[in-house]
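None of these values were measured; they are calculated from a predicted model.
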Amino acid sequence: MTRPIFKTLTKQPHLDVGAILKSGELTILGQIRAASNVSFLCDATLFDTTIRCIYKPVRGERPLWDFPDGTLASREYASYLIAEECGWHLVPTTVLRDGPVGTGMLQEWIETTDREFVGVFPLGEVPPGFRGVLRAQSDDDPPQELEVAHSTDPSVRTTALLDVVLNNADRKGGHLLCGDSGQVYAIDHGICLHSENKLRTVLWGWAGEQLTAEELDTLEKLSKAFAGSFGDTLREHITGTELSALRARTERVLAEGHFPYPAVPNPIPWPLW
């Protein structure tokens, strides 16, 4: 993947990635054909700095039976705001703005390494540092017994907790990226924050495990933030019913003190990537 270009700013030394994404001139480089919704690879340029990014216009969102039309970009942005409020810098910098194809979500492009946080292994051969979550069979003749497992990296654990808060309905293995510095990035949060329980994820390895004191403290602060100006900000992007459900989920996890167990009929998304 092409490395984003960062140059030293002289005229505006305090501009950050978010400011460039929000106000920079957008140049569409091409469409990302593998995406389920219309997505463009773009450059955002402000003064002498260019940031590579992904642009997902609202008008290119594919209708879903269980989510209101035209809301995915706002859900992506709200998910970013929630992660940042928690101090979990997992979601690449994300903004909402007008673009060449109308209003949409812009997100910083991440240069990735080959490291993967979710894998498929022969049964009984899950490597150290991974937890198995699902058994399956290959299409071979005879079929091979397999096990889907995810990394126990602390940032992957934090992503799993973020997904619980967001009620993420689609945490696939391909939605976890490893940046060139080794940092974990979580992407694709368009179908989050529904008022009904829809948690579907490949990151079930911590189900039932007690939350740490630090995790509980973060959730406590988040719960209080919903009642203040942060809640008002979120209400601009999700409905009052969805915000109430978000608060209730956070408070329920706090009260229970552990990662939840699967509670929907199909708790793992398909395909897995």
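- W204 places a side-chain N or O within donor-acceptor distance of the main-chain N or O of T201, the cut-off being under 3.5 Å.
- Here the side chains of C42 and R52 are not in contact, with every heavy-atom distance at 4.5 Å or above.
- L219 and L81 fall within a single hydrophobic cluster, where Ile, Leu, Val, Met, Phe, Trp and Tyr are joined by side-chain heavy atoms under 4.5 Å apart, directly or via other members.
- The two residues L216 and G257 make their nearest non-hydrogen contact at CD2-CA, 4.2 Å.
- L162 and I110 fall into different hydrophobic clusters, where Ile, Leu, Val, Met, Phe, Trp and Tyr are joined by side-chain heavy atoms under 4.5 Å apart, directly or via other members.
- In this structure, V165 is not a member of the same hydrophobic cluster as Y261, with clusters built from ILVMFWY side-chain heavy atoms closer than 4.5 Å.
- Two residues are said to be in side-chain contact when any heavy atoms from C-beta on lie closer than 4.5 Å; V202 and K172 fail this criterion.
- Judged purely by distance below 3.5 Å, without hydrogens or angles, the side chains of D98 and T103 pair a donor atom with an acceptor atom.
- With hydrogens and angles ignored, the 3.5 Å screen pairs no side-chain donor or acceptor of R171 with any backbone N or O of D163.
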Show me the side-chain donor-acceptor pairs of residues 54-62 shorter than 3.5 Å, one per line, residues at least two apart or across chains.
from : atom 1 : to   : atom 2 : distance (Å)
Y55  : OH     : V101 : N      : 2.8
Y55  : OH     : G102 : N      : 3.1
Y55  : OH     : G102 : O      : 2.6
K56  : NZ     : E76  : OE2    : 2.9
K56  : NZ     : D188 : OD1    : 2.8
R59  : NE     : V101 : O      : 3.0
E61  : OE1    : T71  : N      : 3.3
E61  : OE1    : L72  : N      : 3.1
E61  : OE2    : L72  : N      : 3.4
E61  : OE2    : A73  : N      : 2.9

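- Between the side chain of T233 and the backbone N or O of S229 there is at least one donor-acceptor pair closer than 3.5 Å.
- Between the CG atom in L161 and the CD atom in E209 there is a gap of 11.5 Å [rounded to 0.5 Å].
- With a 4.5 Å cut-off on side-chain heavy atoms, E220 and L254 count as touching.
- For the pair L177/V184, no side-chain contact is recorded, criterion being any heavy-atom separation below 4.5 Å from C-beta on.
- Between the side chains of Q107 and T94, at least one donor N or O sits under 3.5 Å from an acceptor N or O.
- A donor-acceptor pair under 3.5 Å is formed between the side chain of N167 and the backbone N or O of L199.
- Taken together through direct or relayed side-chain contacts under 4.5 Å among Ile, Leu, Val, Met, Phe, Trp and Tyr, L272 and I191 form parts of separate hydrophobic clusters.
- In summary, R75 and E242 engage in a salt bridge, as defined by a charged side-chain N under 4.0 Å from a carboxylate O.
- T50 and T45 form a side-chain donor-acceptor contact under 3.5 Å, judged by distance and modelled atom types alone.
- Classification of R157 and E215 as a salt-bridged pair holds, one side-chain N sitting under 4.0 Å from a carboxylate O.
- In this structure, CG on L90 lies 4.0 Å from OG1 on T159, to the nearest 0.5 angstrom.
- Looking at heavy atoms from C-beta onward, V264 lies in side-chain contact with N197 at the 4.5 angstrom threshold.
- A side-chain N or O of S138 and one of D140 form a donor-acceptor pair less than 3.5 Å apart.
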- Message: Apply ring-ring contact (aromatic ring centres under 6.0 Å, His included) to residues F121 and F130 and explain how you reach the verdict.
- Response: CA-CA 10 Å; F121 308 96; F130 278 74; 5.5 Å; yes
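- No more than 12 heavy atoms of other residues, nucleotides or ligands lie within 6.0 Å of CD in E25, so this atom counts as exposed by the packing criterion.
- Contact annotation: the side chain of L134 never approaches that of L146 to less than 4.5 Å [non-hydrogen atoms, C-beta and beyond].
- Remark: T152 OG1 to W206 CH2 distance equals 6.5 Å, nearest 0.5 Å.
- At distances below 3.5 Å, at least one donor-acceptor pair connects side-chain atoms of Q183 with backbone N or O atoms of H89.
- Between R200 and D170 there is no salt bridge, since no side-chain nitrogen of the basic residue lies less than 4.0 Å from a carboxylate oxygen of the acidic one.
- Taking the six-membered ring where the residue is Trp, the centroids of F67 and H194 are separated by under 6.0 Å.
- Side-chain rings of H150 and F117 stay apart, their centers remaining 6.0 Å or farther from each other.
- Side chain to side chain, Q144 and Q137 fail the donor-acceptor criterion of an N or O pair below 3.5 Å.
- Hydrophobic clustering of Ile, Leu, Val, Met, Phe, Trp and Tyr side chains at less than 4.5 Å, counting indirect connections, keeps I187 apart from W88.
- Going from atom OG of S223 over to atom CZ of R252 covers 12.0 Å, rounded to the nearest 0.5 Å.
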